[in-house]
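The structure under discussion appears below in the form of structure tokens.
What you see is a predicted model, and the numbers here were worked out from it, not measured in a lab.
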Protein chains: 2
Amino acid sequence: MTTQPILLTAKEIEQLRKEVGRPTLMGKAIAENVTALETFMSLPLDVPGHGDGGSYEHNRHKDNYTYMNLAGRLFLVTQEQRYADFVIALLEDYADKYLELGFQVQKNTNPTGRLFHQILNEHGWLLFTSIAYSCVASEMTEAQRQRIIERIFIPMIEMSTEKYAHRFDHIHNHGVWAVAAVGACAVAIGRPEYLEMAVYGKDREQQSGFLDQVSNLFAPSGYYLEGPYYSRFTIRPLVLLAEIIHRHMPEVDIYNYKNGVVGNTVQALLATAYPNGVFPAMNDASQSMSIADAGVKVAVSIYGAHYALDDNILGMAKIQGSVWMHPCGLEVSRAYEKASAEREIGLPYWPSMELNEGPEGEQGAQGFVRMQDKSGDVSQLVMNYGMHGMGHGHFDTLGITLFNRGHEVLREYGFARWVNVEPKFGGRYLPENPSYARQTVAHNSVTIDETCQNYFDVERADSVHGLPHFFEVNDKNIKGMSAFANNHYDGFAMQRSVFLLNLDELEAPLLIDLYRLVGEGEHQYDYSHQYAGQIIRTNFEYEAFKELNTLGEDNGYQHLWKVAAGEANETALVSWLQDNSYHTWLGTSSNSDGSNSTGEVIFTRSGANDPSFNLRSEPAFMLRSRGESTLFASVVETHGYFNEEFEQSVNARGQVSNIKVIGHNEIGSAIEITTKNSVVTVLVSNQSDADAATVNQMTFNEHTFNWTGYYSVEVKTQSQEIN
Amino acid sequence: MTTQPILLTAKEIEQLRKEVGRPTLMGKAIAENVTALETFMSLPLDVPGHGDGGSYEHNRHKDNYTYMNLAGRLFLVTQEQRYADFVIALLEDYADKYLELGFQVQKNTNPTGRLFHQILNEHGWLLFTSIAYSCVASEMTEAQRQRIIERIFIPMIEMSTEKYAHRFDHIHNHGVWAVAAVGACAVAIGRPEYLEMAVYGKDREQQSGFLDQVSNLFAPSGYYLEGPYYSRFTIRPLVLLAEIIHRHMPEVDIYNYKNGVVGNTVQALLATAYPNGVFPAMNDASQSMSIADAGVKVAVSIYGAHYALDDNILGMAKIQGSVWMHPCGLEVSRAYEKASAEREIGLPYWPSMELNEGPEGEQGAQGFVRMQDKSGDVSQLVMNYGMHGMGHGHFDTLGITLFNRGHEVLREYGFARWVNVEPKFGGRYLPENPSYARQTVAHNSVTIDETCQNYFDVERADSVHGLPHFFEVNDKNIKGMSAFANNHYDGFAMQRSVFLLNLDELEAPLLIDLYRLVGEGEHQYDYSHQYAGQIIRTNFEYEAFKELNTLGEDNGYQHLWKVAAGEANETALVSWLQDNSYHTWLGTSSNSDGSNSTGEVIFTRSGANDPSFNLRSEPAFMLRSRGESTLFASVVETHGYFNEEFEQSVNARGQVSNIKVIGHNEIGSAIEITTKNSVVTVLVSNQSDADAATVNQMTFNEHTFNWTGYYSVEVKTQSQEIN
């Protein structure tokens with residue numbers, strides 16, 4: 001009978017042992033794991049019964065497998081017999097009770113396990129416990145091993161592969177957990193036929209099993225259509241099973257499979273993260289999930305060991321502050337140690353990246369544009385012009401977020417859910433998730449006639465996608481992307497073009513945003529901006545209402561209090577303070593002709609029609625403009641510094657003074673931005689068949705504009721004398 | 001002519017020099033100061049004209065004196081000639097321009113200076129620049145010195161002592177700045193008569209000058225009636241002038257003057273701070289002012305050098321992360337270095353302290369009760385039962401705040417002001433400061449009939465004060481305080497008694513709160529709780545309103561949106577999540593007899609009638625009870641742990657299940673708290689003439705309660721078997 005650790009060789013264990021007590025990432029990881037394990041081991045052992053998500057029982061089963069997983073490896077690394085004894089005692093206890101527990105009562109679409117309310121969690125238990133078992137099997141008698149195999153592992157494998165066969169090896173992120181759990185257990189207990197099943201599927205003719213999952217769950221770019229929050233959840237079983245296959249089925253050559261799809265996937269996940277390591281909350285995600293997640297740590301270690309160990313990977317390891325306790329982690333730790341001796345490891349500065357979507361990469365993309373300011377701070381601009389994220393999808397095609405100076409400036413609300421907070425609906429998604437968080441108006445986007453994109457029809461949304469226009473990031477002072485979404489509202493074509501511009505006189509890259517809508521007849525367009533912090537000033541009068549009503553009746557509007565509103569001048573300015581920075585938005589629309597107003601600015605706050613305080617109370621403002629085909633244009637300037645504790649404030653007003661629409665038509669859009677010292681003219685091609693060589697010409701107000709390619713940005717800076 | 005540094009001797013400078021490059025607090029302070037100075041010196045010199053508070057000009061003059069102050073000492077410590085040259089060049093520039101600048105136009109009650117819009121700031125300039133000048137005077141020619149004295153220093157002294165003689169040496173915190181500035185300059189330029197004037201006042205017969213200020217500005221406890229925010233502002237010139245007197249008028253024996261009033265004052269300031277070093281925002285204060293303030297750093301160094309260097313001072317220095325660059329700071333740095341070599345320096349855990357108010361300490365007090373939980377986390381409970389803080393006073397007598405686990409749980413709004421944020425009314429107090437922030441309803445207190453304490457009449461408020469009942473903190477498991485406020489509402493007597501109780505089964509000390517109101521006829525009592533975070537659950541139904549109206553018309557109510565409300569059962573439960581902790585409030589009132597409801601719970605949010613977005617949008621809830629004389633009773637339990645990033649949640653519900661009022665009368669109040677395993681009976685004396693020996697007896701519902709002294713807390717814990 002097999003009694004070998006499935007992820008470590010004797011020689012590798014010795015290498016890890018040498019790190020104990022050292023001030024390296026691996027040494028720190030071992031020390032932290034020992035501390036955490038010892039704390040948990042100081043509690044009495046407990047194998048409880050059933051519980052709901054977030055309940056004591058749920059958490060305890062999760063803790064049990066988490067600490068068995070640590071204890072198994074720590075037994076090998078530190079040779080502390082108590083750690084093996086802890087795992088064995090818990091396994092014995094589970095062997096006593098597991099089969100006595102009936103299956104839980106089903107509460108959502110996921111089938112139930114015996115320990116957990118959904119098999120997804122049971123697969124987590126099986127995966128980590130199998131690894132733990134393999135580390136301590138040598139310390140058990142044959143009878144002990146047999147009992148655990150017969151009373152836990154085989155019943156679990158059968159549950160996965162037979163009772164819930166339809167969920168086992170399908171192309172879904174839960175399927176990755178299932179095959180990883182079964183594959184790991186197969187190796188741990190010496191039943192290779194189950195590893196085969198995990199890798200190739202029960203039926204080799206069908207699209208099923210791990211290899212088909214990694215080939216089909218992700219786009220060629222490696223992007224996962226439900227977004228990074230779900231991707232990081234799937235990445236852990238994915239890379240763990242990859243490493244098991246690497247070690248136990250070398251003939252698959254898993255790390256080179258399909259041009260390195262495993263590494264590609266990890267890289268695509270990491271490349272979505274904001275500069276502080278937090279993932280943008282795309283699609284039903286929390287605002288705080290980050291690369292410090294345990295699964296991402298494993299992924300970074302495996303990526304570092306098998307693909308590349310560059311400065312960005314070291315920067316990621318720096319944010320993580322430790323590595324996976326495994327030979328792969330040791331490689332990262334050693335590289336980090338070596339590099340640190342020579343230089344200061346900086347935070348990662350990923351290149352700008354366009355991640356395509358769809359099986360062939362032809363269903364739009366997610367764009368990530370990054371630019372550093374003079375101090376090294378990275379601004380990151382994210383635009384969604386890809387697919388709808390299936391059941392988790394938000395209706396926010398052409399929505400953007402902006403991050404700099406350590407916070408999200410144009411913000412994504414994320415999900416309406418308090419994960420694992422049992423009194424909040426068992427930690428599950430809340431009713432306000434579909435009714436608010438997934439609606440178009442909750443995003444930094446334009447809502448037409450107070451309806452949601454795709455009319456909140458998931459099937460309709462899954463059938464359409466954004467159309468990339470350009471993604472140009474080679475100029476270090478101007479980077480931008482543009483895309484169309486022509487099928488998301490009946491009868492409307494939409495195009496958004498966003499840029500980051502480095503101007504010498506500005507402290508941070510300037511966000512330039514052109515949002516164009518083409519439709520028939522007059523409509524209401526709400527150009528929304530989700531911010532955080534305190535309004536500091538505006539350049540227009542507004543009325544703060546004496547009583548508050550909702551902004552509308554449906555499509556998320558019923559959750560927005562209409563707090564204040566005012567007619568904007570030709571250009572509206574809204575400036576706010578967030579943490580230690582000022583941000584100033586100047587916006588206009590093409591609808592200002594004649595009326596001397598570009599529309600109404602409405603200040604809102606979420607939380608209306610929220611009978612159980614499920615929503616966070618957050619502010620936003622929108623420029624509401626009524627008209628026919630319309631071009632919105634705006635900038636966001638990041639400037640100044642405020643420190644309340646030390647009562648310091650500098651540059652609270654910023655340098656940009658105006659923005660105006662010169663014109664727009666089927667050829668292109670032209671806008672002009674005025675700063676203290678410069679005038680910036682931005683011309684963007686609106687033709688979907690344009691390319692880098694296209695010669696464009698258009699005339700507005702008897703002025704003719706010419707440019708070649710997708711866009712032109714011209715900066716005229718006044719000489720200091722004139723100024 | 002004097003060319004000696006006024007705060008340092010040659011020998012002391014040598015000692016400081018030895019710390020350059022060392023990893024001590026002083027070494028770090030020097031290194032940080034060098035970095036800051038070098039950054040500032042990389043900008044061109046600039047001596048601008050006038051500006052409003054928060055303007056470039058204002059900030060630049062402030063920066064100029066701040067960096068001259070550093071540069072003067074750094075020249076001596078590092079012997080870097082450029083630092084002296086920098087000070088001299090700036091002084092020359094000021095000598096050119098100062099007299100050419102007319103006085104600014106007056107915008108508030110403070111007279112204007114030539115550099116600043118108020119002489120308060122001009123005195124800051126004079127104080128720090130005098131110190132800087134004294135460090136570099138030896139590097140100047142006699143002609144240079146004369147020019148600077150004649151064109152800057154003497155005119156400034158004359159402005160202070162003649163033009164604004166009425167503001168110079170009076171008993172006011174601004175007066176301390178004036179005398180410190182003039183005193184420092186007097187020594188720097190060798191004009192001892194002005195130091196005499198600073199110390200004793202212009203007229204020795206009058207109450208005036210520094211000695212009378214330190215004797216009269218503070219209560220015998222050392223508490224400053226405007227609160228710690230203003231105290232820390234006054235403490236800097238106070239201790240600087242004390243150190244100057246110590247060195248140049250040793251005959252005053254300043255550090256022993258009036259039983260060490262200088263040290264007393266510093267200690268009273270430090271003892272108000274929350275465990276994380278932030279000062280409670282009592283009276284028109286920001287929520288973030290802390291002991292890291294530059295003035296408090298100086299005070300801690302001087303206190304450590306001249307009074308005591310215990311663990312709490314070292315803990316303060318740890319939070320500050322550095323020391324004052326002066327021989328006094330060196331003493332703290334050396335003590336810290338020595339202690340660190342032997343043990344881990346913890347955060348300060350100040351004893352519980354009652355700080356009396358009034359010239360003779362007979363006008364009430366501020367109470368600070370602290371208790372540690374098993375993990376070492378400190379809960380701090382603050383109650384105001386002292387004087388009204390003059391012009392800055394909030395109408396919150398008997399108001400409380402509670403702090404634990406790194407945040408304020410029952411919160412103080414602080415001021416309505418964005419200090420130094422020029423576009424927000426020049427950084428000055430906003431109209432919403434009186435109309436909301438200072439009103440009773442904005443605090444954790446009880447508002448009667450929707451009016452403010454003392455009817456917002458500052459004169460009336462200044463004429464009354466709280467009456468201490470008891471302050472008992474010697475039992476490590478139960479500490480409490482109680483006080484009366486019988487003159488703050490016409491026809492009402494009020495008493496609040498608050499305790500922290502350590503119960504084995506609870507994670508953190510339990511706040512127990514009894515608020516009793518005695519008046520004629522039926523009234524409306526609003527028992528308010530200012531919290532932060534997300535409501536997790538309640539034990540009663542409530543209605544979230546479809547449209548929002550203000551809770552009232554005046555007295556702060558006009559700024560509160562009425563968000564939701566519901567009839568509470570006999571006991572109301574409101575539980576919320578703040579950062580990583582859950583907090584659960586259970587409250588009741590004596591008005592629940594018969595009706596089966598203890599009153600209405602109303603959820604509010606600030607921000608109504610706020611035409612310029614000056615207020616922060618913050619939630620609160622109140623228990624509104626109508627009745628005659630009423631006892632409110634409540635607990636706040638701190639429990640559980642939530643980590644969104646890692647999706648962990650434990651103990652989201654807490655252990656306390658009920659609280660009820662048994663009865664209250666002129667003898668005492670009796671309440672009962674039920675937890676999972678215990679029943680806690682709390683009896684409190686309501687007799688103002690009671691003392692520790694008083695034998696109390698009262699009967700409610702045929703049950704007689706007996707206890708001796710101010711209060712009795714009895715805990716009956718069920719055996720685990722019964723449970």
Verify, without hydrogens or angle tests, whether Asn609(A) (side chain) and Lys546(B) (backbone) share a donor-acceptor contact under 3.5 angstrom.
-> no

Determine yes or no for a side-chain-to-main-chain donor-acceptor pair under 3.5 angstrom, with Gln534(B) supplying the side chain and Leu615(A) the backbone.
-> yes

Turns out that what part of Val278(A) lies under 4.5 Å from chain B's heavy atoms comes down to neither

So, for Glu644(A) and Gln287(B), which heavy atoms are closest and what is the spacing to 0.1 Å?
-> OE1-N, 3.9 Å

Would one find more than 12 heavy atoms of other residues, nucleotides or ligands at under 6.0 Å from atom CD of Glu547(B)?
-> yes

Grab the two heavy atoms, one from Val421(B) and one from Tyr582(A), that are nearest each other, plus how far apart they are.
-> CG2-OH, 3.3 Å

Pick one of side chain, backbone, both or neither for Arg60(A), based on which atoms fall under 4.5 Å of a heavy atom in chain B.
-> neither

So do Thr538(A) and Phe613(B) actually touch side chain to side chain, heavy atoms under 4.5 Å?
-> no

About how many Å separate CG of Leu548(B) and CH2 of Trp561(A), when rounded to the nearest 0.5 Å?
-> 3.5 Å

Identify the heavy atoms of Pro611(A) and Ala544(B) that sit nearest to each other, and give their distance.
-> CA-CB, 3.9 Å

Scored by heavy-atom pairs under 4.5 Å with chain A, the best of Ser612(B), Ala564(B), Gly427(B) is Ser612(B)

Give the member of Ser55(A), Ala292(A), Ala652(A) that has the highest number of heavy-atom pairs under 4.5 Å with chain B.
-> Ala292(A)

Compare every heavy atom of Ile536(A) with every heavy atom of Pro423(B), then report the nearest pair and how far apart it is.
-> CB-CG2, 3.7 Å

Among Gln648(A), Arg616(A), Arg653(A), Glu647(A), which has the most heavy-atom pairs under 4.5 Å with chain B?
-> Glu647(A)

Mark yes or no for whether Lys424(B), through its side chain, and Ile535(A), through its backbone, hold a donor-acceptor pair below 3.5 Å.
-> yes

Where do Ser290(B) and Glu645(A) land on the side-chain hydrogen bond (donor to acceptor under 3.5 Å, both in side chains) test, with the steps shown first?
-> CA-CA 7 Å; Ser290(B) 86; Glu645(A) 179 177 359; 2.5 Å; yes

Within-4.5 Å side-chain heavy-atom neighbours: Phe642(B) and Asn420(A) | no

Measure the shortest side-chain to side-chain distance between Asn651(B) and Tyr56(A) over non-hydrogen atoms and say whether it is less than 4.5 angstrom.
-> no

When the 4.5 angstrom heavy-atom criterion is applied to Asn59(B) and chain A, the contacting part is side chain

Would you call Ser617(B) and Pro619(A) a side-chain contact if the rule is heavy atoms closer than 4.5 Å?
-> no

Pick whichever of Tyr542(A), Phe646(A), Phe603(A) has the most heavy-atom pairs under 4.5 Å with chain B.
-> Tyr542(A)

Identify which part of Phe425(B) has an atom lying under 4.5 Å from any heavy atom of chain A, answering side chain, backbone, both or neither.
-> neither

Sort Asn643(A) into side chain, backbone, both or neither according to what part of it lies under 4.5 angstrom from a heavy atom of chain B.
-> neither

Greatest number of heavy atom pairs closer than 4.5 Å to chain A - which of Glu543(B), Met289(B), Gln558(B) = Met289(B)

